[in-house]
Amino acid sequence: MTIEELVQYQIKASQDQINRPVEKRKAALKNLRNLLTDNEEKICGSIAEDFGKPYIEAYLTEIATVVHEIDFHLKNLSRWAKPEQVRNSIFTFPSSGSVYREPFGTVLIIGAWNYPVHLLFMPLIGALSAGNNAVLKPSELAKNTSALVNDLIEKYFSKNLLAVVEGAVEETQQLLSLPFDKIFFTGSTRVGKIVMKAAAEQLIPVTLELGGKSPAIVHSDANMEVSAKRIWWGKTMNAGQICVAPDFVLIHESVKESFIEQGKIVLSEFYRNDYLTGQNYTQIINLDHFDRLIRLLDHSDVLFGGTSNRDNRFIEPTLIDADWDSDIMQEEIFGPLLPIVTYNSMDEVQHRLNSRPSPLALYLFTESREVEEMIIQNVSFGGGCINETISHLGNPGLPFGGVGLSGMGSYHGKRSFDAFSREKSILKKPTWPDPDFRYPPLDSNKLKWIKKLFIR
Ligand code: NAD
């Protein structure tokens, strides 16, 4: 079957409503759950082959979180899928109003390589839960996992409900030229623009989950031990190759030295000075990215760390002294290099951050409610945490998404169901009474009544 035939086959299936009844959607979600739990070792193994992600990390982030999301949908789907009654309006009295939620139809989900299962399956849960069929396009950079996802989906699902198209730019461009009903894209801001342009040609709605430079702000009153531990935890997971990894630290200058010292202690506790790619630490995905990171490292002022090994694509977690103009402060790092920049006042923080593209995430370490509110209310960012990094993704009650160049739309939990449904409004009116007041002929007497009724 060609790519075009596959998509037409799915479009026909969505017209036949093969995933429309709620019970069928639940069966599809259970099937996806089985796929994950039956194949734990294969999945973690293929991700390790692609870029040496340690087994426990892969299990937690690619299987456990996804199964948890499936269970959340299974528990709530019947309620979400029910039409919602809305209050009446004076203009439509007497009548009732309901909002139905219908699937878009056939959706395209394009994933990034850094969580090669999670980033396809998390949106897929929303797509299935809302009653869509889907085509998945895994990233070609995690090639073993892409092939495995293809095999498993073929084994567990019929092609008219769910299928995989493997490939790189050419295949993705081809998919983008086809008449999908919705596109959900996870990846870089650069490719996000390509996707949105292609979608605009056919007026296809999009959700874009992109990247950016997410700051971790450490204020003068922060608990330094916990701040260092949680920032380095967020930066070393997946070797910093996470869209919401703390990209750089913005620190009050009075506590910079203390953060540096705590960082050394934290990393020696985490790794005992023995980084073992594939066992306790992740590799850089490929040599292109490795070389890009090493170029940044070579132009930087290293405070600690800085070792690397091209043979196994290892880069040590590295703290870098930087200022706003440093090379490393110009683009998303996506690796274990952590620049640190100082500030003196919160006004400076607000001004600096708001004059750059809004990041996907922001982390603030402080004991002050006032500082917390000041940042939340005055700085633009997708979402984030106070005294923590990354964990806002772990709560299905919190929508996850970016703003401006870091993305548009959101998902997780109910928002995933919403991201793949459209709202259909229905007003139902009884046939009695039927006063002739609104029907022509219109005269001044009617206008008098309209004014009395509607404008008080
Ligand atoms: P990428 O944009 O290079 O690739 C993403 C997808 O787009 C892949 O499937 C790829 O095959 C496809 N693609 C690449 N070039 C294309 C082109 N010219 N035309 C059409 N399709 C194309 O991103 P990546 O390197 O896989 O991932 C890293 C980026 O993704 C980072 O910027 C990161 O912040 C972001 N990201 C965001 C999230 C999120 O949830 N917001 C999650 C993970 C990664």
Side-chain angles (χ1 to χ4, degrees), residues 3 50-51 53 61-62 65-66 69 108-124 126 135-143 145-146 149-150 164-178 180 183-199 201 206-214 234-235 237-247 284-286 288-290 292-293 331-335 357-361 381-384 390 392-394 398-412 415-416 419:
I3 294 180
D50 282 325
F51 55 107
K53 194 188 295 216
T61 57
E62 310 265 8
T65 51
V66 183
E69 174 87 356
L108 170 62
I109 297 173
I110 304 173
W113 61 265
N114 60 327
Y115 284 89
V117 172
H118 180 113
L119 294 173
L120 288 174
F121 285 15
M122 285 294 271
L124 174 62
V135 173
L136 305 179
K137 212 303 284 174
S139 168
E140 71 282 13
L141 298 194
K143 66 174 190 320
T145 313
S146 171
V149 167
N150 192 5
V164 174
V165 171
E166 287 195 87
V169 176
E170 195 187 325
E171 291 78 2
T172 317
Q173 300 274 5
Q174 200 187 339
L175 284 166
L176 289 172
S177 71
L178 298 173
F180 284 99
I183 299 173
F184 188 106
F185 172 78
T186 302
S188 61
T189 301
R190 181 184 70 80
V191 180
K193 290 179 186 174
I194 296 173
V195 169
M196 191 158 170
K197 235 181 232 169
E201 282 297 317
V206 290
T207 298
L208 302 176
E209 295 285 340
L210 312 176
K213 281 186 90 63
S214 302
K235 188 67 174 183
M237 193 192 296
N238 222 30
Q241 303 167 109
I242 309 186
C243 54
V244 287
D247 187 276
I284 303 304
I285 179 72
N286 60 23
D288 285 350
H289 280 284
F290 179 89
R292 173 184 65 79
L293 289 163
E331 276 182 20
E332 181 182 13
I333 298 168
F334 224 59
S358 304
L360 183 58
F381 56 96
I390 298 183
H392 58 303
L393 272 67
L398 295 174
F400 170 55
V403 48
L405 293 184
S406 60
M408 68 176 64
S410 63
Y411 75 130
H412 286 187
R415 268 53 166 235
S416 292

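Each ligand, and each atom within it, is numbered from 1 in the order the structure gives. Positions are given from 1, in the same order as the sequence printed here.
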**OP:** Please report the C-alpha distance between Ile110 and Leu176 in whole Å, then the side-chain angles of each, then the deciding distance to 0.1 Å, and finally whether the side chain to side chain contact (heavy atoms under 4.5 Å, CB included) criterion is met.
**Re:** CA-CA 10 Å; Ile110 304 173; Leu176 289 172; 4.1 Å; yes
Original post:
Yes or no on side chain to side chain contact (heavy atoms under 4.5 Å, CB included) for Thr172 and Glu140, after CA distance, side-chain angles and deciding distance?
Top reply: CA-CA 10 Å; Thr172 317; Glu140 71 282 13; 5.8 Å; no
Original post:
Between Asp50 and Trp113, is a side chain to side chain contact (heavy atoms under 4.5 Å, CB included) present by the stated rule, with each step listed?
Top reply: CA-CA 9 Å; Asp50 282 325; Trp113 61 265; over 6 Å; no
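Not a single heavy atom of Gly407 sits less than 4.0 Å from an atom of ligand 1. At least one heavy atom of Leu119 sits closer than 4.0 Å to an atom of ligand 1. Residue Gly402 places no heavy atom under 4.0 Å from ligand 1. Not a single heavy atom of Tyr115 sits under 4.0 Å from any atom of ligand 1.
Looking at atom 26 (O) of ligand 1, its nearest protein heavy atom turns out to be Trp113 CD1, 3.1 Å. Of all protein heavy atoms, the one lying nearest to atom 10 (C) of ligand 1 is Glu140 OE1, 3.6 Å. Nearest to atom 7 (O) of ligand 1 among the protein's heavy atoms is Phe185 CE1, 3.4 Å. Protein heavy atom closest to atom 32 (O) of ligand 1, with residue, atom name and distance, is Glu332 OE1, 2.7 Å. Looking at atom 17 (C) of ligand 1, its nearest protein heavy atom turns out to be Val169 CG1, 3.7 Å. At the top of the distance list for atom 36 (N) of ligand 1, counting protein heavy atoms only, stands Cys243 CB, 3.5 Å. What sits closest to atom 6 (C) of ligand 1 on the protein, heavy atoms only, is Gly111 O, 3.4 Å. Among all non-hydrogen protein atoms, the one lying nearest atom 15 (N) of ligand 1 is Val191 CG2, 3.5 Å.
Of all atoms in ligand 1, numbered sequentially from 1 with element shown, those under 4.0 Å from a heavy atom of Phe400 are 40 (O). Proximity to Leu360 (heavy-atom distance under 4.0 Å) selects the following atoms of ligand 1: 41 (N). Within ligand 1, counting atoms from 1 as listed, the ones closer than 4.0 Å to a heavy atom of Thr172 are 11 (O), 20 (C), 21 (N). The ligand atoms of ligand 1 that sit less than 4.0 angstrom from a heavy atom of Ser139 are 9 (O). Heavy-atom proximity to Ala112, at under 4.0 Å, picks out these atoms of ligand 1: 26 (O), 27 (O), 44 (C). Residue contact check: Thr186 has heavy atoms under 4.0 Å from atoms 5 (C), 37 (C), 38 (C), 39 (C), 40 (O), 42 (C), 43 (C) of ligand 1.
The 12-atom threshold is not exceeded at CD of Glu331, counting heavy atoms of other residues, nucleotides or ligands nearer than 6.0 Å.
Taking CG of Asp247 as the reference point, atom CD of Glu332 lies at 6.5 Å (rounded to 0.5 Å). We find the CG-OG1 distance between Leu119 and Thr61 to be 9.5 Å, quoted to the nearest 0.5 Å. Note that CZ of Phe51 is 7.0 Å distant from OG1 of Thr145, once rounded to the nearest 0.5 Å. Interatomic distance, Lys213 NZ to Ser406 OG, rounded to the nearest 0.5 Å: 13.5 Å. Between the CD atom in Glu69 and the CE atom in Met122 there is a gap of 4.0 Å [rounded to 0.5 Å].
Taking every heavy atom of both residues into account, Pro359 and Ser214 meet most closely at CB-CA, 3.9 Å. The two atoms that bring Ser416 and Tyr411 nearest to each other are OG-CB, 3.4 Å, heavy atoms only.
Residue-to-ligand polar distances keep Asn114 apart from ligand 1: every N/O pair is separated by 3.5 Å or more. Ligand 1 has no nitrogen or oxygen under 3.5 angstrom from a nitrogen or oxygen of His289. Taking any N or O of Thr189, backbone or side chain, none lies under 3.5 Å from an N or O belonging to ligand 1. Among the atoms of Leu210, some N or O lies under 3.5 angstrom from an N or O of ligand 1.
Distance remark: protein heavy atom not present below 4.0 angstrom from atom 4 (O) of ligand 1.
No donor-acceptor distance shorter than 3.5 angstrom exists from the side chain of Lys53 to the backbone of Asn238, with no hydrogens or angles considered. In this structure a side-chain-to-backbone donor-acceptor pair under 3.5 Å is missing from Gln174 to Ile3. The backbone N or O of Leu405 lies less than 3.5 Å from a partner atom in the side chain of Thr189, making a donor-acceptor pair.
Selection from Ser214, Gly187, Gly211 by nearest heavy atom to atom 30 (O) of ligand 1 gives Gly187.
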